[in-house]
Amino acid sequence: MTNNSLFSKQIHPVKQAIFVFAGSMVFTFLFKIFDWIGLAEAQDHMPWTMSAAALLFFSIFNSVMSLAFDDQKWYWMRSFLAFVGLIIVGGMVSYLLSGVPIGEAKSFKWLYLVFSIGYLVFLSIVRLIRKIVLIAKKQDKKLRGEE
């Protein structure tokens with residue numbers, strides 16, 4: 001029986017970032033279309049909202065996906081670079097779509113900072129939990145005499 005769980009698959013962090021960015025752009029353009037046809041009124045900061053939401057989603061999803069990777073250093077480096085890329089590209093696209101720089105986009109500058117710190121905390125917690133589980137498995141094998 002094969003394990004088809006999403007969380008057991010090793011999805012490259014850059015692919016995760018591209019998927020999350022594409023999803024945020026779909027929602028951004030959906031809101032723009034609703035605004036153009038008069039169904040809803042999109043705020044000027046909507047692209048910044050979607051970009052910030054993408055950062056939060058990537059932070060959580062990427063941290064959980066790190067459990068499937070054996071080489072944590074490799075994963076961390078690429079994850080961090082993907083996160084920085086998501087910040088840069090998301091920020092540039094948000095600025096281009098809204099015409100509002102991040103300094104004037106309400107409190108999104110602070111959201112970016114908080115989500116960046118939170119991302120590092122998420123990764124650290126997941127990595128610590130992974131180490132604790134590995135130590136517990138090792139101790140369990142010792143107690144069973146399997147080692």
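The first residue of the sequence shown is numbered 1, and numbering continues consecutively from there. Owing to the predicted nature of the structure, the values given are computational and were not obtained by experimental measurement.
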Test salt bridge (charged side-chain N to carboxylate O under 4.0 Å, His left out) applied to R127 - qualifying residues, sequence neighbours left out: none
CD1 on I129 to OG on S63, rounded to 0.5 Å: 10.0 Å
Side chain to side chain contact (heavy atoms under 4.5 Å, CB included) partners of V114, counting only residues at least two apart: none
For L128, the rest of its hydrophobic cluster, which grows through side-chain links under 4.5 angstrom: I132
Side chain to side chain, F115 and I87, heavy atoms closer than 4.5 Å: no
L86 to A17 - nearest heavy-atom pair and separation: CD1-O, 3.8 Å
Counterpart residues, side chain to side chain donor-acceptor pair (under 3.5 Å), relative to S98 (two or more places apart): W48
Path from M77 to V126 over hydrophobic side-chain contacts below 4.5 Å: no
Salt bridge (charged side-chain N to carboxylate O under 4.0 Å, His left out) partners for D70, two or more places apart: R130
Spacing of NZ belonging to K109 relative to CD1 belonging to I102, to within rounding of 0.5 Å: 8.0 Å
Approximate separation, where rounding is to 0.5 Å, of L123 CG and Q72 CD: 8.5 Å
Results of side chain to side chain contact (heavy atoms under 4.5 Å, CB included) for S107 - residues two or more places apart only: none
Joint hydrophobic cluster, V84 plus M92, side-chain heavy atoms closer than 4.5 Å: yes
D140 and R144, any side-chain heavy atoms less than 4.5 Å apart: yes
Considering all heavy atoms, the nearest Y112-G90 contact: OH-C, 4.0 Å
Side chain to side chain contact (heavy atoms under 4.5 Å, CB included) involving L120 - partner list, sequence neighbours excluded: F80
Sub-4.5 Å side-chain heavy-atom contact between S94 and F108: no
Non-hydrogen atoms of Q10 and A68 that approach each other most closely: NE2-O, 2.9 Å
Same apolar cluster (I L V M F W Y, side chains within < 4.5 Å links), I117/W76: no
Pairs involving residues 71-90, ordered by first then second residue, that meet salt bridge (charged side-chain N to carboxylate O under 4.0 Å, His left out) (sequence neighbours left out): none
V14: hydrophobic cluster co-members (side-chain, 4.5 Å): I18
Residues 54-62 side chain polar contacts: donor-acceptor under 3.5 Å, at least two apart:
unit_1: S59; atom_1: OG; unit_2: L55; atom_2: O; d: 2.8
unit_1: N62; atom_1: OD1; unit_2: S79; atom_2: OG; d: 3.2
unit_1: N62; atom_1: OD1; unit_2: Y119; atom_2: OH; d: 2.7
unit_1: N62; atom_1: ND2; unit_2: Q16; atom_2: OE1; d: 2.8
unit_1: N62; atom_1: ND2; unit_2: Y75; atom_2: OH; d: 2.9
unit_1: N62; atom_1: ND2; unit_2: S79; atom_2: OG; d: 3.3

Any pair counted as ring-ring contact (aromatic ring centres under 6.0 Å, His included), so long as it reaches residues 9-28, sequence neighbours left out: H12-W74
Shared hydrophobic cluster, L81 / M65 (ILVMFWY, side-chain heavy atoms < 4.5 Å): no
Pairwise side-chain contact, V93 with S51, heavy-atom cut-off 4.5 Å (strictly under): no
Heavy-atom pair with the smallest gap, counting every atom of I11 and K15: CG2-CB, 4.2 Å
